[in-house]
Protein chains: 2
Amino acid sequence: MQQIVVDKFDLQILDALQRRGNATNSALGEEIHLSPSQISRRISRMEQGGIIASYAALLDPAAIGLDVSAFAQVTLERHGESRSDAFERAVAALPEVVACFSVSGDADYVMHIVAPDLVAFSNVMMKRIMRLPGLTHLKTNIALKTVKQTSVLPLDHIMHAPQPRRRMQFASA
Amino acid sequence: MQQIVVDKFDLQILDALQRRGNATNSALGEEIHLSPSQISRRISRMEQGGIIASYAALLDPAAIGLDVSAFAQVTLERHGESRSDAFERAVAALPEVVACFSVSGDADYVMHIVAPDLVAFSNVMMKRIMRLPGLTHLKTNIALKTVKQTSVLPLDHIMHAPQPRRRMQFASA
DNA sequence: GCTGAAAACCCTTTGGT
DNA sequence: ACCAAAGGGTTTTCAGC
């Protein structure tokens, strides 16, 4: 990972773009008191540097008829890596699975699943998830209400970043 | 919720915009075999209709130093609505909490929390989450690996949508 | 070397056919 | 539904600091 340095202005741009990815450079310039050229240059630098990964249109799940959201905790058979690899590839290919993390604790994975209704959700679980290779235990919680869901990541820590701590190092050569 | 009708082309546009929110109308037009004007009109219709909620720049968490992701299951004291309201408002105000859903099952809420490192994460949990009003039980799982995380919602169900079932209705007046 | 103004290019959108 | 024209937006260049 290349060290790309960002300043106060870059952080303001990132904050704005996380909320309004389609903001114009002129509008951003007004807000942040920078010329459109600067905004343009800074944005492409952060795109190139891998800080901005992509742009996306965010859809309203309810408006497209995705009324069911659920969380599944999955445990796999204790086998080698091949099992989990197969599982992870299978999960990644399911469009209904919008997030999946391997976790510490009782379960091996937690995943977020969306579906149009309970019938469809049940189908996804029965026909897709439960047939995934090596699955031994499964616990699902249906979401009753979305309290908060955002793609906006916090940036506060970047300004107040602690100086890198000095450590001993081993002479490598 | 107003019924806004989408066709095959609209779905193609939505699919593309979910992945590349900054695609130009001309580029989309080439892909979908529609004129830029059509694309433009269809997009504004879907924005107006509330299908497209917003646009966002998606950042790479690792690139901005957010290395810890965790899931918390929270149980609240059995009190009236006021408790959960206060809790939900507090949660919504925490930038580290990127998602929170109330759920069926053992816990009342599941939430997704991000932090720069374990120290910072611990601080968020101790100083912010655990002090939220009315919290009685808390279980956290640290994410070891992100298997999948996407803002792309499935659209397949829209085409194959079942015809609305006829039902009896009560004469309301 | 970096900044900002301006120009050129491209995209978008609207109105007419 | 398409096309054309007008109105903006973005980006690059160039002059100045």
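Every chain is numbered from 1 and lettered A, B, ... according to where its sequence line falls, protein lines coming before strand lines.
Of the residues in residues 10-18 of chain B, none has a non-hydrogen atom less than 4.0 angstrom from any atom of DNA chain D.
Close approach of DNA chain C to chain B, defined as any atom under 4.0 Å from a non-hydrogen atom of the protein, starts and stops at dC11(C) to dG15(C).
Other members of the cluster containing Leu58(B) do not exist, because no ILVMFWY side chain is joined to it at under 4.5 Å. With a 4.5 Å cut-off between side-chain heavy atoms of Ile, Leu, Val, Met, Phe, Trp and Tyr, the cluster of Phe101(A) takes in Val103(A), Val110(A), Phe71(B). Listed by chain and number, the hydrophobic cluster partners of Val152(B) come to none, as no ILVMFWY side chain reaches under 4.5 Å of it.
A search for side-chain contact (heavy atoms from CB on, under 4.5 Å) contacts involving Met126(A) returns Ser122(A), Met130(A), not counting sequence neighbours. Under the salt bridge (charged side-chain N to carboxylate O under 4.0 Å, His left out) criterion, Asp7(B) pairs with Arg42(B), not counting sequence neighbours. In this view, Glu77(B) and His79(B), Arg83(B), Thr136(B) satisfy the side-chain contact (heavy atoms from CB on, under 4.5 Å) rule, not counting sequence neighbours. In terms of the salt bridge (charged side-chain N to carboxylate O under 4.0 Å, His left out) criterion, Arg89(B) has no residue partners (sequence neighbours excluded). Considering only residues two or more places apart in sequence or on other chains, Ala23(B) meets the side-chain contact (heavy atoms from CB on, under 4.5 Å) condition with Arg20(B), Leu28(B). In this view, Asp106(B) and Lys139(A) satisfy the side-chain contact (heavy atoms from CB on, under 4.5 Å) rule, not counting sequence neighbours.
For Asp108(A) and Lys145(B), the salt-bridge test fails: no basic side-chain N is under 4.0 Å from an acidic carboxylate O.
Put simply, CD on Gln38(B) is 12 Å from C1' on dC3(D), counting in whole angstrom units. In this structure, CD1 of Ile43(A) is placed 14 Å from P of dG9(D), rounded to the nearest angstrom. Per the geometry, CG belonging to Asn25(A) stands 12 Å off C1' belonging to dG8(D), to the nearest Å.
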Open item on the list: Return a single string for nucleotides 12-17 of chain D, one symbol per nucleotide in 5' to 3' order, where B is base contact, S is sugar-phosphate-only contact and - is none, cutoff 4.0 angstrom on heavy atoms.
Closed with: BB----
